[in-house]
2 protein chains.
Amino acid sequence: MKTTTVKDVRKLNRSLILKEFYFNGPVTRLDVSRVTKLSPATVTNIVTDLLENGVLVEEGNVESSGGRPSVLLKVNPDLGYFIGVEIGESHIQTELFDIYFSKTTQYAINDLELDLSPEHLIDLVADSIGQVLRSANLKETDILGIGLGLPGIVDPESGISIFSPSWGWNNINLSELLRRKIAIPIYIDNGAKALSVAELLFGQGQGVDEFAVLLIGAGVGGAIVHNDLLLRGGSNSAGEIGHMTLSIDGPVCRCGSKGCFEAFIGANHIFEEFGRTKDEPQPRLENRELMKKIFSNYSNPDSKERKIIQNSIQYLGAGIANLINIENPERIILGGWLGILYGEADLDLIKNVVKKYALAQSYELVDICVSNLGAEAIPMGSAAMALIDFFENVNQEDLMVIGGNRLKQRN
Amino acid sequence: MKTTTVKDVRKLNRSLILKEFYFNGPVTRLDVSRVTKLSPATVTNIVTDLLENGVLVEEGNVESSGGRPSVLLKVNPDLGYFIGVEIGESHIQTELFDIYFSKTTQYAINDLELDLSPEHLIDLVADSIGQVLRSANLKETDILGIGLGLPGIVDPESGISIFSPSWGWNNINLSELLRRKIAIPIYIDNGAKALSVAELLFGQGQGVDEFAVLLIGAGVGGAIVHNDLLLRGGSNSAGEIGHMTLSIDGPVCRCGSKGCFEAFIGANHIFEEFGRTKDEPQPRLENRELMKKIFSNYSNPDSKERKIIQNSIQYLGAGIANLINIENPERIILGGWLGILYGEADLDLIKNVVKKYALAQSYELVDICVSNLGAEAIPMGSAAMALIDFFENVNQEDLMVIGGNRLKQRN
DNA sequence: ATAATTAAATTAAGTAGTAAAATAAGTATA
DNA sequence: TATACTTATTTTACTACTTAATTTAATTAT
């Protein structure tokens, strides 16, 4: 945000203070003042505002040891709920979160048909949302926002799915399609970018200035976060690391190019290599159970599986090293169901390969780790996009409609 | 910069207004108000300040066609000068710029000895600065700042050369060494990053939100600019694209790793390939004349030179494509003496190779071009680091010492 | 029980932004 | 020449930050 006026400063500081109460609450005004470096006067001023509007509530006092006891405050737990939806190549996972992001209920659709129209997809999403609302006994007005995370290139501003590799769409306004069915603010982004939001707020990205997330599953995606801000590039495709060239004369990728990162480390490659050894028909890309079975043989030193996975890790490490050389991040987070399997199988080997290919100074800084949010972090991250907007835009205007009939839509 | 207080806003707006007068001056207060979106009242307020302190001067009126005639203002051309120093693997190029960055005089040292101590290097730099001061008949107090651009990883905050590939140094505080000899504020950074500053302020990066610069010469470096800010990563090595892996089993690079970008496209590789065909001893890396001769045969369709260069362009294109996939920039600027040769030889071929390896959506957005600042843009960019600091820190405190005895040092 | 001490929260004076009204400095015209 | 019109700049009233001073609400000591 550009801050040229005092009003911009107010908005920024309100958000800063609110985040502090959210993530570290209950805390006192003076605690917040110390952490945010804002003056106690300013904290009092903004807190008064937030209290009047019901965003914060008091929660008892801190025991005094001489002196006026300080009041503990926290974000009002009854403000509302968030819904996050992961749209995968073959499944839809819908989850409901309370204000503090405890998962309250969920609904899954698996084995989506292969050629799905945008309208049909949005019907399924709307149905899923209806399902979780019913099972939690909530109304639309109880939900502060719905986030969607999907494959491909997405423009969050307009709500348009610019390009979907899974279904071959171009320029479909999914946001608009869903808005016609549901009167809740909608947030939409690429799945890897949604995942990075989950990591930033609740996972391994907390407090890390520069990090990148790898989303490895059926396909390979990524996202880069710099000072709490997602890098989007000029047209929202920054971080799309899956089709980086690792071998100029390598095998042809499903994208048409040659020697892509994804072609070496994606589910497709592993299944193909595995299939080749067993002469079975190739399994569906999202077959996580089969993949787990393959990885369970990694510990067997003479297994074919171990050799296949170790070979892929050579490329995984080289790809991570390229990302490290270009971005110089402090942390790389391995996410996605297959990314987590890789990391859990042999993180040390991954690190050693990265070390081989990365600049020494950049390798020294970076910490490579596995996501601790599990394979299901995309719905959480999607919902968290709505939480970020809540932090940034809880201002006088919006506050008046909290709990009422929010018609304001982001897209 | 974090803007939590009204004083931060003032500093930011002062810088915004000053830049507008600098790059578009002479202009009127109202022009600046329109472009910066700041209110006329604020512009008047800040301009009054800058006028009183001699940073701005009036330059006549705009002819009125009814209404009060507006006053034209510009940055005072007599505020001072800047010095930029490029420290290369085998040369030192020192240039003096007036406030508007017209090159006033220069001094070159070529064929540096191969193993140079930091102290000896700084002696040579200080001598060079003395030379340009003498030939322009200026005193140290006439210079607003000195910028140094050098190979390797540099920490601009501390002034330390963290790692120098050319001379094998680690953690040398060059800034401190030079400060002992010269009482002018010193700014220091990696050469590719300095180049990107020149492109941002005076070259092909002007007005472009997301761009990357490739510095191709004896070695290969790079820098990424995002919303007018250089991306540094966690330890100042972001953008160091030269040792990105393009072929996991490729030839060994001088860095020790295998299949590096630099090993395929750097001067070393071209000379090696060329030498192989002629059985001559390998020329020194900085032999620009020989390289120009090689490239001059590119237009000959059957020449060995054309084949060598076209082969390197395959890798150059793949490397640029990787950068594009990760960063999604709007523009890629080819710089450095060898980078300019590549671009002038066959920009169309480069673009076609990039197209082959990049995501279609990212390729569609990006514009690949050749630097128009020439092969000598690093001294300019180095000096421009001081200009940026001038924009950002011309505030009450600093203004009082302009033209006087500035002892304030950045590092 | 009252006074002193301590620490939290609030109020006050100063600075810097905006929007809107007022003023300034011209040209055009009756 | 005087009035109307235009356009640039400045002043005014209001908001939101800071630091410093004050008020508030407890504990501790006499």
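Labels below follow one simple rule: chain letters A, B, ... track the order of the sequence lines, proteins then strands, and each chain is numbered from 1.
- Using a 4.0 Å heavy-atom cutoff across all strands shown, B:Asn13 reaches sugar-phosphate atoms only and no base atom.
- Each of B:Ser39 and A:Asn45 was matched to the nucleotide of DNA chain C holding its nearest heavy atom; the match closer to the 5' end belongs to A:Asn45.
- For the pair B:Leu30 and B:Ala41, both in contact range of DNA chain D, the more 5′-proximal nearest nucleotide belongs to B:Leu30.
- B:Arg14 has no side-chain polar atom (N or O) that falls below the 4.0 Å cut-off from OP1 or OP2 of C:dA16.
- In summary, B:Asp189 and B:Arg232 engage in a salt bridge, as defined by a charged side-chain N under 4.0 Å from a carboxylate O.
- Nucleic acid contact for B:Thr5: sugar-phosphate only, since backbone atoms but no base atoms lie under 4.0 Å from a heavy atom of the residue.
- Between B:Arg10 and C:dG17, a side-chain N or O to OP1/OP2 separation shorter than 4.0 Å is present.
- Picking from C:dG17, C:dA9, D:dA8 the nucleotide with the shortest atom distance to the side chain of A:Ser70 gives C:dA9.
- Computed from coordinates, the A:Leu51 CG to C:dA9 C1' distance equals 13 Å when rounded to whole Å.
- In the displayed structure, A:Phe21 atom CZ is contacted under 6.0 Å by more than 12 heavy atoms of other residues, nucleotides or ligands.
- For the residue pair A:Thr5 and A:Asp8, a side-chain donor N or O sits within less than 3.5 Å of a side-chain acceptor on the partner.
- When each of A:Asn61 and B:Thr28 is assigned the nucleotide of DNA chain D with its nearest heavy atom, B:Thr28 is the one assigned upstream, toward the 5' end.
- Using a 4.0 Å heavy-atom distance criterion, A:Val43 is classed as making no nucleic acid contact.
- B:Lys11 and B:Asn393 share a donor-acceptor pair across their side chains, judged by distance under 3.5 Å alone.
- Considering only the side chain of B:Val71, D:dT9 comes nearest among D:dT9, C:dT10, D:dT15.
- In this structure, B:Thr44 reaches the D:dT10 phosphate: one of its side-chain N or O atoms is under 4.0 Å from OP1 or OP2.
- Among C:dG26, C:dA12, D:dC17, the nucleotide with an atom closest to any side-chain atom of B:Pro69 is C:dG26.
- Not one side-chain nitrogen or oxygen of A:Arg29 sits closer than 4.0 Å to the OP1 or OP2 atom of C:dA8.
- Remark: of the listed residues B:Ile333, B:Val225, B:Ile224, B:Ile333 is the sole one forming a side-chain contact (heavy atoms from CB on, under 4.5 Å) with B:Val213.
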